[in-house]
Each structure stands twice: as structure tokens, then as C-alpha cells.
Amino acid sequence: RLSSGTDEPPPLSEKLTAATSAAEVEKAIGALQRKLRLELSEESLDEALGTSEELRSLVKDAYGSTGNPLLAAALNDTGLVHKSRGEFETAAKYLVEAIQLYEGCGMKKHASTATALHNLGVSYK
């Protein structure tokens, strides 16, 4: 982060303000999702963990914690990062939370819920 003397820019979530438009928030969420996928594919797991935490924070700040399928997706992603790091209990915690949130959004039979359930099962493998 620039404020700490490094050359790394601040996280996207720190750049967004109350005046930020919905389109800008969606763009920032998409950018973080793409960054996370790239980091996972490159097995940059420490970076992926930071990105997943930033994504969760941004989604929660923008849309809240209740009835939020975007937050469920971010929790699923965080679970995948922890699974990739070999942190299976922590992965399961995030995946169960994602499943419960999807179901709370009326998405019990949705493909995203099935994906989170699959990821949970693979974490117990």
C-alpha cells in the first residue's frame, strides 16, 4: 500500500466511497473476481487469500450480509482458497456459510448452491 511505504496500490475496496456508483462497484467486484481466479490458477495462494478477503469485504459493504448471493459466491471463493491451502476445516466453515446464505436467498436448488455443496464435499475428501 502506498501509505505504508510500498509500491502496492491500496485495495479496490479502499478506493470506493459512498459516492461510488453501482456500476463502479460491480466493475470492482468483477475485477477482484478475475484477479482471484488468476491467483488460484497460478497457485498464488497467499495473494488469493488477501484478494478473497478484500472481495468479501467489498461485497458486504456494498450489499450487506443478508439475502446476498454475491456474498455467498465470495464465501465460496474464500472456501476454495482455504481448501487449496490445505486448511480444510476453515474451508468447510466458509463453504457451509455460503450454502446457508444461498439457501436463505431462495436458491436451494440453484447451480451455485450445488457448486458450493460439491466444493464442501471435496474439502472433506
Side-chain angles (χ1 to χ4, degrees):
R1 295 192 176 126
L2 296 174
S3 61
S4 64
T6 68
D7 292 331
E8 187 178 323
L12 285 173
S13 57
E14 289 183 12
K15 294 179 184 179
L16 300 175
T17 66
T20 303
S21 73
E24 291 169 315
V25 170
E26 289 295 323
K27 185 176 177 180
I29 289 170
L32 286 171
Q33 289 171 328
R34 287 186 297 279
K35 180 180 178 192
L36 179 58
R37 299 281 183 283
L38 179 63
E39 290 165 347
L40 281 170
S41 73
E42 294 175 346
E43 297 184 11
S44 301
L45 300 180
D46 290 338
E47 291 84 359
L49 184 58
T51 301
S52 72
E53 291 169 353
E54 184 179 354
L55 177 60
R56 270 193 350 266
S57 176
L58 174 59
V59 170
K60 212 182 260 191
D61 289 348
Y63 300 109
S65 300
T66 307
N68 184 345
L70 279 176
L71 180 57
L75 290 164
N76 181 69
D77 290 341
T78 302
L80 289 176
V81 173
H82 284 286
K83 179 186 136 319
S84 296
R85 292 168 55 101
E87 300 164 348
F88 301 110
E89 287 182 31
T90 304
K93 178 188 117 193
Y94 283 105
L95 293 166
V96 166
E97 192 175 347
I99 293 162
Q100 291 171 338
L101 190 51
Y102 278 133
E103 289 176 348
C105 295
M107 298 173 64
K108 189 171 186 170
K109 295 183 179 186
H110 193 274
S112 296
T113 308
T115 299
L117 283 164
H118 170 79
N119 292 338
L120 178 62
V122 172
S123 292
Y124 283 118
K125 223 175 179 185

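Only this structure's heavy atoms are used, side chains among them; waters, hydrogens and symmetry mates stay out.
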Between L120 and Y102, is there shared hydrophobic-cluster membership here, with clusters defined by ILVMFWY side-chain heavy atoms closer than 4.5 Å?
no
Treat each ILVMFWY residue as a node, draw an edge where side-chain heavy atoms are under 4.5 Å apart, and state whether V96 and L75 are in one component.
no
side-chain contact (heavy atoms from CB on, under 4.5 Å) between N68 and K60, intermediate numbers included:
CA-CA 8 Å; N68 184 345; K60 212 182 260 191; over 6 Å; no
Applying side-chain contact (heavy atoms from CB on, under 4.5 Å), run through E97 and L101 and close with a yes or a no.
CA-CA 6 Å; E97 192 175 347; L101 190 51; 5.7 Å; no
If you define the side chain from C-beta out and look only at heavy atoms, does anything of L95 sit under 4.5 Å from T78?
no
dist T51:OG1 -> R34:CZ (nearest 0.5 Å) comes out at 12.5 Å
Approximate separation, where rounding is to 0.5 Å, of L49 CG and E53 CD:
4.0 Å
Taking a hydrophobic cluster as the set of Ile, Leu, Val, Met, Phe, Trp and Tyr residues connected by side-chain heavy atoms closer than 4.5 Å, whether directly or through intermediates, do V59 and M107 fall within one such cluster?
no
Just how far is it from atom NE2 of H118 to atom CD1 of I99, taken to the nearest 0.5 Å?
11.5 Å
Nearest non-hydrogen partners of A91 and G79, listed with the distance:
CB-O, 3.2 Å
With the side chain counted from C-beta on, respond yes when E26 and L70 share a heavy-atom pair under 4.5 Å apart, and no when they do not.
yes
Check the pair D77 / R56 against salt bridge (Lys or Arg N to Asp or Glu O under 4.0 Å), numbers first and verdict last.
CA-CA 9 Å; D77 290 341; R56 270 193 350 266; over 6 Å; no
Quick one: do V81 and L58 end up in the same hydrophobic cluster if we chain Ile, Leu, Val, Met, Phe, Trp and Tyr together by side-chain heavy atoms under 4.5 Å apart?
yes
Heavy atoms of S84 and L45 approach each other most closely as O-CD1, 3.4 Å
Any donor-acceptor pair under 3.5 Å from S57 side chain to E54 backbone
no
Output the distance between atom CG (N76) and atom OG1 (T113), rounded to the nearest 0.5 Å.
9.5 Å
For the student: nearest non-hydrogen atoms of A72 and A98, plus distance:
O-CB, 3.3 Å
Is it the case that over 12 heavy atoms from other parts of the model lie below 6.0 angstrom from the CD atom of E42?
yes
In terms of hydrophobic clustering (I, L, V, M, F, W, Y; side-chain heavy atoms under 4.5 Å; direct or indirect links), are L117 and L71 co-clustered?
no
Any idea which heavy atoms bring H82 and E87 closest together, and the distance?
ND1-OE1, 2.5 Å
Gap between atom CG of L32 and atom OG of S52 - 0.5 Å precision
10.0 Å
Indicate yes or no for a side-chain donor-acceptor contact from T115 to the backbone of A111 under 3.5 Å, with no hydrogens or angles considered.
yes
Any chance you could measure K83, atom NZ, to T90, atom OG1, to the nearest 0.5 Å?
14.0 Å
